[in-house]
Amino acid sequence: MHTQVGIIGAGPAGLLLGHLLHLEGIDSVIVENRSRDYVIERVRAGVLEQGTVDLMIRMGVGERLRREGLPHQGLYFSFAGRRHHINLAELTGGKTITVYGQNEVVRDLIDARTATGRPLHFEVGHVTIHDMDSERSKIRFEHNGREEEITCDFIAGCDGFHGICRPSIPEGSIKHYEREYPFGWLGILAEAAPSSEELVYTYHHRGFALFSMRSPKITRLYFQVPPEEDIANWSDDAIWDEMLQRLTTRDGWQPAIGPIVQKGVTPMRSFVAEPMRYGRLFLAGDSAHIVPPTGAKGLNLAATDVMVLASGLAEYYAGRSTRLLDDYSDICLRRVWKAQRFSWWMTQTLHRFPGESEFDYRRQLADLDYITGSRAAMTSLAENYIGLPLDIQLA
Ligand SMILES: Cc1cc2nc3c(=O)[nH]c(=O)nc-3n(C[C@H](O)[C@H](O)[C@H](O)COP(=O)(O)OP(=O)(O)OC[C@H]3O[C@@H](n4cnc5c(N)ncnc54)[C@H](O)[C@@H]3O)c2cc1C
C-alpha cells in the first residue's frame, strides 16, 4: 500500500492534519493504536483559542462547535479571597476563547474522516517507522492479526508525547529541552451546573485551583497536588472539601457540588524537541512539545503545527516546492517557545512551589495584584491567552 502522507496517531493533531490534507486532495492513512471509543472518550483539554475555532469552521468541521461551544469573553484571576475579571475580548479587539471539550473535537473529526471514506485504522499494534530519510518512508504495523506495510512520501508523527515517532529519530539528530514541575493537577468532571460562566484561576495559600466547565451541565475542576499523588487517596468528599477551601471567595461564590463522574492526576511538564523534523518525518503536536495545561495551549499548539504542515505539503504537491516544509520547524518553534514561555509564566504565577517562604507568597500576591490592576499587564496576558498569531501568512 502507498499513500502520500502516513499519519501516526488519531488525536487532534493527526485528525486535523488528515482533514486538512483531504481538503487539498492529498491522500493519507491514519493509524491509531487505541480503540475508537477510547480516543473519543479521553477527557483532556477544553479551551480553544480563537484561531483553532476559526480553523475548524474554515475546514467545515465546526458546525457542532458553533452550536454547542461556550464562547467566553473573559476569565477571572482569584486571590486573597477575591475574583478579578479580565476582559479578554475588550483587550484583544474582540477575540474570545471557546470552551469545547477535546473529546468533542476528536468526535467531530472522526465523523468527518469517516465521511471522506479515507483510511483511519484503530487498534493497530507494533507500529514502527523506517527509512525516514528516503523518499519511500515506511510504516509497519499489525492490524486484524495481519502485518501491514505502507510506503509514504512523508510521515506525520502525531502520536503524542509517549508515541514512537520521536524516539525513532537517530540520537544526536534532535535536541530535547525539558522541565518537570514539582506538582501535578488532580482533575475532576462533576455533574453540576457551572456556577460561573467563565474560568476562575485561583492562587491560594493551599495551592493552585482552577474552576472550568465542559457544558452547561458539567463542571471541570482541578487543584494542585504533589506530582506522584495517588488518586486512590482522595475520596470524593475529600476532593470537594479541598476544592471548596481553595475556590470559595469572600463574597460566598463557590462551585456547585455534584456527583464526580471522572477523576485523575496529571503530571506537569514543559518539553520541546528541536527540530520538529527528521528527513521525511514531521513531528506535530504533543509528540514535539508539551506544555503545562495552565495556559490551555497544548491542543491549540497541535492545531497550529498541522495547519503549517498541511500548507507545506499542499505547496509541495502543487509545485514541488519544499520552501514551507523546509521552514516548518522554525515557523512552529517560534510560536511554540512563546507558548512555552506563557504556560510557564502562568504556572509559576499561580502555583505554590515546595520550600517557598511567606515572602514568596506575598510577592506572588503582589504580582497578581499588579496583573489584575494594570491594563498593560492584562493586555499581555489576554493576547497570549487567546493565542498569538503565526508570524507568517499561509496560503
Ligand atoms: C492526561 C492529559 C491531560 C491533559 N489535560 C489537558 C487540559 O486539561 N488542558 C489542556 O489545555 N491540555 C491538556 N492536555 C494536553 C492536550 O490534551 C494535548 O496537548 C493534545 O491532546 C495534543 O494533541 P496531539 O494530537 O498532539 O496528541 P494526543 O492527543 O496525545 O494524540 C496522540 C494520539 O496518538 C496515539 N498514539 C500514541 N502512540 C501511538 C502509536 N505507537 N501508534 C499509533 N498511535 C499512537 C494516541 O493514542 C493518541 O490518540 C492533556 C494531556 C494529557 C496527556
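Start at 1 and go down the list; that is how both ligands and their atoms are numbered. The analysis underlying the following values was restricted to heavy atoms, covering all of them including side chains, and did not include hydrogens, waters or symmetry mates.
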Could you check whether any side-chain N or O of [X] sits under 3.5 Å from a backbone N or O of [Y], counting only pairs where one atom can act as donor and the other as acceptor?
X: Gln224; Y: His351; value: no
X: Gln50; Y: Thr96; value: yes
X: Lys297; Y: Asn384; value: yes

At less than 4.0 angstrom from any non-hydrogen atom of [X], what atoms of ligand 1 do you find?
X: Gly9; value: 33 (C), 34 (O), 35 (C), 44 (N)
X: Leu299; value: 19 (O)
X: Gly285; value: 26 (O)
X: Arg34; value: 47 (O)
X: Ile164; value: 41 (N)
X: Ile8; value: 42 (N), 43 (C)
X: Pro293; value: 7 (C), 9 (N), 10 (C)
X: Gly298; value: 19 (O)

Under 4.0 Å from ligand 1, counting heavy atoms only, is it the side chain of [X], its backbone, both or neither?
X: Val31; value: backbone
X: Arg44; value: both
X: Gln102; value: side chain
X: Tyr222; value: side chain

Shared hydrophobic cluster, Met346 / Ile290 (ILVMFWY, side-chain heavy atoms < 4.5 Å)
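Result: no, two separate clusters.
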Give me the residue, atom name and distance of the protein heavy atom closest to [atom].
atom: atom 31 (O) of ligand 1; value: Gly11 CA, 3.4 Å
atom: atom 25 (O) of ligand 1; value: Ala13 N, 2.9 Å
atom: atom 23 (O) of ligand 1; value: Pro12 CD, 3.5 Å
atom: atom 32 (C) of ligand 1; value: Cys158 O, 3.3 Å
atom: atom 40 (C) of ligand 1; value: Asn33 ND2, 3.4 Å
atom: atom 7 (C) of ligand 1; value: Ala45 CA, 3.6 Å
atom: atom 47 (O) of ligand 1; value: Glu32 OE2, 2.6 Å
atom: atom 42 (N) of ligand 1; value: Val127 CG2, 3.5 Å

Near-ring test Phe183/Phe208, centroid separation under 6.0 angstrom:
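Distance test on ring centres: not under 6.0 Å, no.
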With a 4.0 Å cut-off on heavy atoms, is Arg42 touching ligand 1?
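Yes.
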For Val47 and ligand 1, answer yes if some heavy atom of the residue is under 4.0 Å from a ligand atom, otherwise no.
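No.
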Can you tell me if [X] and [Y] form a side-chain donor-acceptor pair at under 3.5 Å?
X: Asp153; Y: His2; result: yes
X: Asp251; Y: Thr249; result: yes
X: His85; Y: Glu198; result: yes
X: Ser270; Y: Tyr177; result: no

Nearest non-hydrogen contact with atom 18 (C) of ligand 1 belongs to which option: Leu17, Ile129, Asp286?
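Of the listed residues, Asp286 has the closest heavy atom.
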Passing option when Thr52 is tested against Thr304, Asn300, Thr98 for side-chain hydrogen bond (donor to acceptor under 3.5 Å, both in side chains)
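So the option named by the test is Asn300.
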Quick one, Ser357 with Asp360, criterion side chain to side chain donor-acceptor pair (under 3.5 Å). Give me CA distance, side-chain angles, the key distance, then yes/no.
CA-CA 5 Å; Ser357 65; Asp360 296 318; 3.2 Å; yes
Salt bridge (Lys or Arg N to Asp or Glu O under 4.0 Å): which pairs involve residues 200-217, sequence neighbours left out?
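Qualifying pairs, neighbours excluded: Arg206-Glu242.
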Could Arg166 and Phe161 be counted as a cation-pi pair, given that NZ or CZ must be under 6.0 Å from the ring centre and within 45° of the axis?
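Cation-pi check for Arg166 and Phe161: passes.
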Chi angles and distances behind the salt bridge (Lys or Arg N to Asp or Glu O under 4.0 Å) call for Arg362, Glu358
CA-CA 6 Å; Arg362 298 303 298 258; Glu358 280 304 295; over 6 Å; no
